[in-house]
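A short write-up of the structure that comes next.
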Amino acid sequence: MKKRHVIAGAVLALLPLASAHAMDVATFLAKADALQKKGMMALFSGDLKVLKAEIQESGTRLEAEIKAARAAGRRTAFCAPGDRAAINSNELLASFRTIPPAQRSHVQVKDALRTFLAHKYPCR
């Protein structure tokens, strides 16, 4: 019985690490391309929720970076007007596709999103 509790505890301890695993751009684009091929049926795919969640999580992390930079008196990576940056999915995917294919598996979505936002909302 004790062994089960130890295993259950280990699994529960690792759950936050699994959710913190960031998606790379190659995986993101592969899922996005597969969804585009499905057309309207993509609305029923679980991958749509996965991609939306990845962008939201990446945005939340970038928001924390911006707050930390401002608190430390440093320049921010981008300067979106208002509280939230408007993201057009076609523009975002086009930006991600500018990353050379050989590098896509080494670039996290958060980093690609930061670059996209820095180009769209430069600080002046």
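What's counted below: heavy atoms across the whole structure, side chains too, no hydrogens, waters or symmetry copies.
Scored by the side-chain contact (heavy atoms from CB on, under 4.5 Å) test, S58 finds E54, V109, K110, L113 as partners (sequence neighbours excluded). For D111, the salt bridge (charged side-chain N to carboxylate O under 4.0 Å, His left out) partners two or more places apart in sequence, or in a different chain, are R114. Partners of F96 under the ring-ring contact (aromatic ring centres under 6.0 Å, His included) rule, at least two apart in sequence or in another chain, are F28. By the side-chain hydrogen bond (donor to acceptor under 3.5 Å, both in side chains) test, K120 pairs with E91, sequence neighbours left out. Scanning for side-chain hydrogen bond (donor to acceptor under 3.5 Å, both in side chains) contacts around S105 gives an empty result, with sequence neighbours left out.
Taking every heavy atom of both residues into account, A102 and H106 meet most closely at O-CD2, 3.5 Å. Considering every non-hydrogen atom in both I66 and A77, the closest pair reads CD1-N, 4.0 Å.
Pairs passing the disulfide (SG to SG under 2.5 Å) check and including a residue from residues 26-73, sequence neighbours excluded, do not occur. Among residues at least two apart or in separate chains, there is no ring-ring contact (aromatic ring centres under 6.0 Å, His included) pair with a member in residues 46-75. Judged as a salt bridge (charged side-chain N to carboxylate O under 4.0 Å, His left out), not a single pair has a partner in residues 69-79 (not counting sequence neighbours).
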### Query
Is there a salt bridge (charged side-chain N to carboxylate O under 4.0 Å, His left out) between E57 and R61 once you walk through the steps?
CA-CA 6 Å; E57 177 64 28; R61 289 180 183 171; 3.1 Å; yes
Result block: side-chain N/O donor-acceptor pairs under 3.5 angstrom for residues 35-49, not counting sequence neighbours:
from: S45; atom 1: OG; to: D47; atom 2: N; distance (Å): 3.1
from: D47; atom 1: OD1; to: K31; atom 2: NZ; distance (Å): 3.4

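Here the side chain of T27 pairs no donor or acceptor atom with the backbone of M23 at under 3.5 angstrom.
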